[in-house]
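Just below is one structure, and these are the notes that go with it.
Convention: sequence-line order gives letters A, B, ...; per-chain numbering from 1.
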Protein chains: 2
Amino acid sequence: MKKSSATVFLASLLVLALVTWRFGFSGTAGEASASPGAHPFPDSALLETARSLFGTLGAALPAAVAAPDAVLGRHLFWDERISSDGKTSCASCHTSEAWSSDARRYSTDARGRLTGRNSQPVFNAMEQPSIRWLGDRQDGAHQAELSIVGSMGFADADALVPVLLDHGYDPLFRAAFPGDPDPISPANYGRALEAYQRTLVTPAPFDAYLEGTLGALSPEQERGLELFVSAGCVACHTGPLLGGQSFTRFGLARPYWEATLSEPVDEGRFAVTGEEGDRYVFRTPMLRNVARTAPYFHDGSAATLGDAVRVMADVQLGRTLEDADVERLVSFLESLTGEVPAHYAPPER
Amino acid sequence: MKKSSATVFLASLLVLALVTWRFGFSGTAGEASASPGAHPFPDSALLETARSLFGTLGAALPAAVAAPDAVLGRHLFWDERISSDGKTSCASCHTSEAWSSDARRYSTDARGRLTGRNSQPVFNAMEQPSIRWLGDRQDGAHQAELSIVGSMGFADADALVPVLLDHGYDPLFRAAFPGDPDPISPANYGRALEAYQRTLVTPAPFDAYLEGTLGALSPEQERGLELFVSAGCVACHTGPLLGGQSFTRFGLARPYWEATLSEPVDEGRFAVTGEEGDRYVFRTPMLRNVARTAPYFHDGSAATLGDAVRVMADVQLGRTLEDADVERLVSFLESLTGEVPAHYAPPER
């Protein structure tokens, strides 16, 4: 295991230990439903705990959406012409119907091939320290730049430049990168796409809750949040994105494929680092909008959010959840659903 | 004026109007000193206002500092060998003695030439939507990548690659960019430097104040904060960095060079956009650690923080400050001084 992964993992265990010590592990799942309305700890303590574990998202500023690099990025994101087959854009596999993810288990790239893993949502994704299931892209610009020869199907990155010029992108690049002597470049293509994606932020009822709005969560959602904290989901799903920050082995309690029936078995980050400690390790997905981004896991092997919650409790925490607890957790996770930003659509050309 | 600049400027005016409407413009500068301890509004209202206008910085997580891309970036930042003269590193002009800025008015690059503007601090700088005095670099990676043919003096960006290989950087790049088929590239050089600089965050007493720590600011500093808000400094110097977010004309009330005696007159962002509205427009500098980063302004024309405060009040707000108010503002600005991060130093090779 890498030093950084180990540090995050140990820190996560520490958080889990502290939380369990303070609030106790909600071992008997039926308790809360046996006495409706009885909370393991008072609402104010729940809010205080949530504030210390998570964080709010603020909507993108209008100035950021209107900035020339973000405007360029919006054009590029939705333009199918900027691909080797002339029919593939970023939005082809990050659809607004699926809240910037893909409702298919795998996506089809510009070469007509299936991607190796499920396409993750781009909303809120730019604040993560690395991108994709394996964390093998350092940021959104890196991901987009390498997509030129990846999903976009070009033979090499420089082959992008004449296609951009053919479709009249010269003025947009010049406006977006003033002072850059060579503005139309694969690196700036990546930067513009990152600038656009940085504006795709989706505040949700959970943010209103963290900010102190009474009634932002339903009582059922508050009970779901309690369980999310006390059961240990927060060991990995922390911060404003409820995840996205760390790498964890999928299957801490038992091999994941015993529950997901995945075939073939994906070895995760081991494929890119070759280190034993990275076998079956994936980036912890963020949970923002998770109720709208089915199917779940790197191979889309869980069709519903309830299925995904059950598998997580099973293989990460070694625990079988009762139906009422699954519903409660799903109900809480629905509070993470924001709105599709108005500018997540093709711009006028 | 660009649409984005205009939006930010109008938003700033709105903030200023609201703040002035709520708290009044502290027109007679001597008031507070005439009745020591008498605050224009209660401490709790000041804290509430400050929380709505600014924001806290959190120290970098150990996992982020230890991440392979940040470790690579730290090596690159301090390595003089990776330059055309073999004697120039990023740290040559961003010294720890000057809190990651340069105490000289201008810096010397690897070609032995003076830079055109004062070197700004890199601490906390990565959260800004653009970089440098003119905002002509979209992010830290963009800045670093273009520095290869800029401050580092190489004839072209690809000339960097053999120099990196000569000095044994191959394994560090492979570890930092797993999954990238071509990890040693100018773009990844930029990304690694950004990853390192992202960890250079300096929380300060002001953050403790915003978090509610009693006594984190001295009474004099609290009065300085009041004045900072009521005089209108916050129109531009807002957010967690107290600036860095917007572009503003230097000299709203009168031409800046009448106060700074700058020669030649720098036309600011006009030089890169060619738009009339961008003449004499610069990126609003952030104020984190400002008490340690003299000299001030794009040309280092103010030698002390007190001088800089006087010029700002004069040319931006059309106001002559009394000595006591200058001292009060400087005292507040000192609360923005954090500590030089321990890893702002050359790594062991």
So which part of [X] gets closer than 4.5 Å to some heavy atom of chain A, the side chain, the backbone, both or neither?
| X | result |
| --- | --- |
| R132(B) | neither |
| N188(B) | side chain |
| A176(B) | backbone |

Mark yes or no: R279(B) above the aromatic ring of F270(B), with NZ or CZ under 6.0 Å from the six-membered ring centre and no more than 45 degrees from the axis.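 Yes, R279(B) and F270(B) form such a contact.
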So does D139(B) pair up with R191(A), basic N to acidic O under 4.0 Å?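 Salt bridge flag = yes for R191(A) with D139(B).
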Atom group of R198(A) that falls short of 4.5 Å from chain B, counting heavy atoms: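 Side chain only.
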Side chain proximity check, [X] to [Y], heavy atoms < 4.5 angstrom:
| X | Y | result |
| --- | --- | --- |
| Y196(B) | L72(B) | no |
| H237(A) | T284(A) | yes |
| I131(A) | M126(A) | yes |
| R283(A) | S130(A) | yes |
| D266(A) | D299(A) | no |

Proximity of residues 144-161 of chain B to chain A, residues having a non-hydrogen atom under 4.5 angstrom: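 E145(B), L146(B), listed by number.
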Can you tell me how far CG of D170(A) sits from CZ of R174(A), rounded to the nearest 0.5 angstrom?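 CG of D170(A) is found 4.5 Å from CZ of R174(A).
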Which one wins on heavy-atom pair count under 4.5 Å against chain A: [options]?
| options | answer |
| --- | --- |
| L134(B), D136(B), D180(B) | D180(B) |
| D69(B), V65(B), V71(B), D182(B) | D69(B) |
| A271(B), G179(B), A187(B) | G179(B) |

Looking at Q120(A) and W133(A), would you say the former's side chain and the latter's main chain have a donor-acceptor pair under 3.5 Å?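 Yes, because the side chain of Q120(A) sits within donor-acceptor range (under 3.5 Å) of the backbone of W133(A).
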